[in-house]
Asker: 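Right, I'll just put the structure down here and ask away after.
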Amino acid sequence: MAAVCHPPTRFHHIHGANVSVDPTGTQATRVESFANGVCFSQEPLEPGQIFLVEIEEKELGWCGHLRVGLTAHDPRSLAMVPEYSLPDLVNLGDSWVFAITRNHNRVAPHSAEDQASARVRGFLASPYLLIEQVRIPRDKLVGRSRPGRYSHILDDLYKTNVLPATARRSRIGVLYTLQPDGAADMHIVINVPSLQTLCRLTIQKHIVHRLAIDGLHLPPLLKSFCKEE
């Protein structure tokens with residue numbers, strides 16, 4: 001199952017009444033009100049295949065959470081699309097859905113130095129996120145948000161690409177893996193540090209001061225990135 005290439009995932013043409021899916025099937029947009037926003041994948045996921053979504057925009061004025069999960073129901077077999085994934089879809093059975101909040105992407109309470117060292121070790125070991133026997137390229141999973149005008153309180157999170165799960169450009173994925181006994185485990189992936197960020201951590205670990213980066217034989221853009229400018 002390792003490094004298996006799967007075709008790109010798309011949204012199903014059957015979806016909630018308050019959702020619009022573009023002709024390519026790659027963008028789903030809430031167009032009105034709340035509820036009736038359930039979407040499905042166009043094809044059933046294979047074991048180890050990740051369905052990855054990126055938050056492009058957020059609508060103000062509502063209070064709720066993005067929900068992701070798996071269902072064994074074929075959308076074409078439903079009498080109607082459930083108003084909510086949780087609890088309506090789950091109550092149909094054979095469905096597993098979880099709400100994603102900004103707190104889901106909190107890291108373990110270790111020191112910043114320990115966290116950096118752990119990421120460096122992970123980078124040196126493999127450029128992939130390993131989930132059981134599944135290998136997923138890290139750069140496919142990293143969120144690409146930037147701090148906004150009033151987001152300075154999140155600077156430390158953005159510098160390490162540990163974004164709030166509900167931030168713009170945050171990437172959230174779901175997949176499942178099969179077990180020898182015939183059961184399956186569902187995994188939810190919420191952003192990972194990019195290879196670019198991990199390279200920066202490696203460089204920063206071996207210098208005394210950020211200004212020492214100027215003396216390294218690196219392209220100017222990479223120097224600026226390593227100095228977090």
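Being a predicted model, the structure only gives us computed values, none of them experimental.
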Asker: Which one of Val90, Asn91, Asp88, Asn36 satisfies the side-chain contact (heavy atoms from CB on, under 4.5 Å) criterion with Pro82?
Answerer: Asp88
Asker: Rounded to the nearest 0.5 Å, what separation is found between the OG1 atom of Thr9 and the CG atom of Leu52?
Answerer: 7.0 Å
Asker: Look only at the side chain of Ser41 and the backbone of Glu43, and say whether a donor-acceptor pair between them is shorter than 3.5 Å.
Answerer: yes
Asker: Atom CG in Leu89, atom OG in Ser95: separation rounded to 0.5 Å?
Answerer: 3.5 Å
Asker: Can the ring centres of Tyr84 and Phe34 be said to be less than 6.0 Å apart?
Answerer: no
Asker: Examine distances only and state if a side-chain atom of Arg135 and a backbone atom of Leu129 form a donor-acceptor pair shorter than 3.5 Å.
Answerer: no
Asker: Do side-chain atoms of Tyr176 reach the backbone of Gln49 as a donor and acceptor pair under 3.5 angstrom?
Answerer: no
Asker: Which heavy atom of Leu175 sits nearest to which heavy atom of Ile50, and what is that distance?
Answerer: CB-CA, 4.0 Å
Asker: To the nearest 0.5 Å, how far apart are CZ in Arg171 and CD1 in Ile190?
Answerer: 14.5 Å
Asker: Distance from Arg30 atom CZ to Glu59 atom CD, nearest 0.5 Å?
Answerer: 7.5 Å
Asker: Is Val189 close to Val174 at the side-chain level, that is, under 4.5 Å between some pair of heavy atoms?
Answerer: no
Asker: For a quick test of reading the model, state the closest non-hydrogen atom pair linking Ser170 to Asn191 and the distance between them.
Answerer: OG-ND2, 3.0 Å
Asker: Show me the side-chain donor-acceptor pairs of residues 178-186 shorter than 3.5 Å, one per line, residues at least two apart or across chains.
Answerer:
residue, atom, partner, partner atom, Å
Gln179, NE2, Glu132, OE1, 2.9
Gln179, NE2, Glu132, OE2, 3.3
Gln179, NE2, Asp185, OD2, 3.0
Asp181, OD1, Ala183, N, 2.9

Asker: Checking side chain to side chain contact (heavy atoms under 4.5 Å, CB included) for the pair Gln133/Thr177: CA distance, chi angles, key distance, verdict?
Answerer: CA-CA 8 Å; Gln133 301 302 313; Thr177 55; over 6 Å; no
Asker: Does Asp22 reach the main-chain N or O of Gln27 with its side chain, forming a donor-acceptor pair under 3.5 Å?
Answerer: yes
Asker: Run the side chain to side chain contact (heavy atoms under 4.5 Å, CB included) check on Val19 and Val31 step by step: do they pass?
Answerer: CA-CA 6 Å; Val19 171; Val31 294; over 6 Å; no
Asker: Please test Val68 against Ile188 for side chain to side chain contact (heavy atoms under 4.5 Å, CB included), starting from the C-alpha separation and ending with a verdict.
Answerer: CA-CA 8 Å; Val68 297; Ile188 296 175; 3.8 Å; yes
Asker: Donor-acceptor pairs under 3.5 Å, side chain of residues 72-79 to any protein atom, not counting sequence neighbours: which ones?
Answerer:
residue, atom, partner, partner atom, Å
His73, NE2, Gly93, O, 2.7
Asp74, OD1, Arg76, N, 2.9
Asp74, OD1, Arg76, NE, 3.2
Asp74, OD2, Arg76, NE, 3.3
Asp74, OD2, Arg76, NH2, 2.9
Ser77, OG, Asp74, O, 2.6

Asker: For Arg67 and His65, indicate whether the former's side chain and the latter's backbone hold a donor-acceptor pair under 3.5 Å.
Answerer: yes
Asker: Working to the nearest 0.5 Å, report the span between SG of Cys39 and CD1 of Ile14.
Answerer: 12.0 Å
Asker: Can you tell me how far apart NE2 (His187) and CD1 (Ile136) are? Round to the nearest 0.5 Å.
Answerer: 9.5 Å
Asker: Establish whether Leu66 and Trp96 are linked, either directly or via other cluster members, by ILVMFWY side-chain heavy-atom contacts under 4.5 Å.
Answerer: yes
Asker: Locate the shortest heavy-atom distance separating Ala165 from Thr101; write the atom from each residue and the value.
Answerer: CB-O, 3.3 Å
Asker: Run Phe51 and Phe11 through side chain to side chain contact (heavy atoms under 4.5 Å, CB included) and show every step you take.
Answerer: CA-CA 10 Å; Phe51 190 95; Phe11 291 105; 3.8 Å; yes
Asker: With a 4.5 Å cut-off on side-chain heavy-atom distances among I, L, V, M, F, W and Y, is there a chain of contacts connecting Val38 to Leu70?
Answerer: no
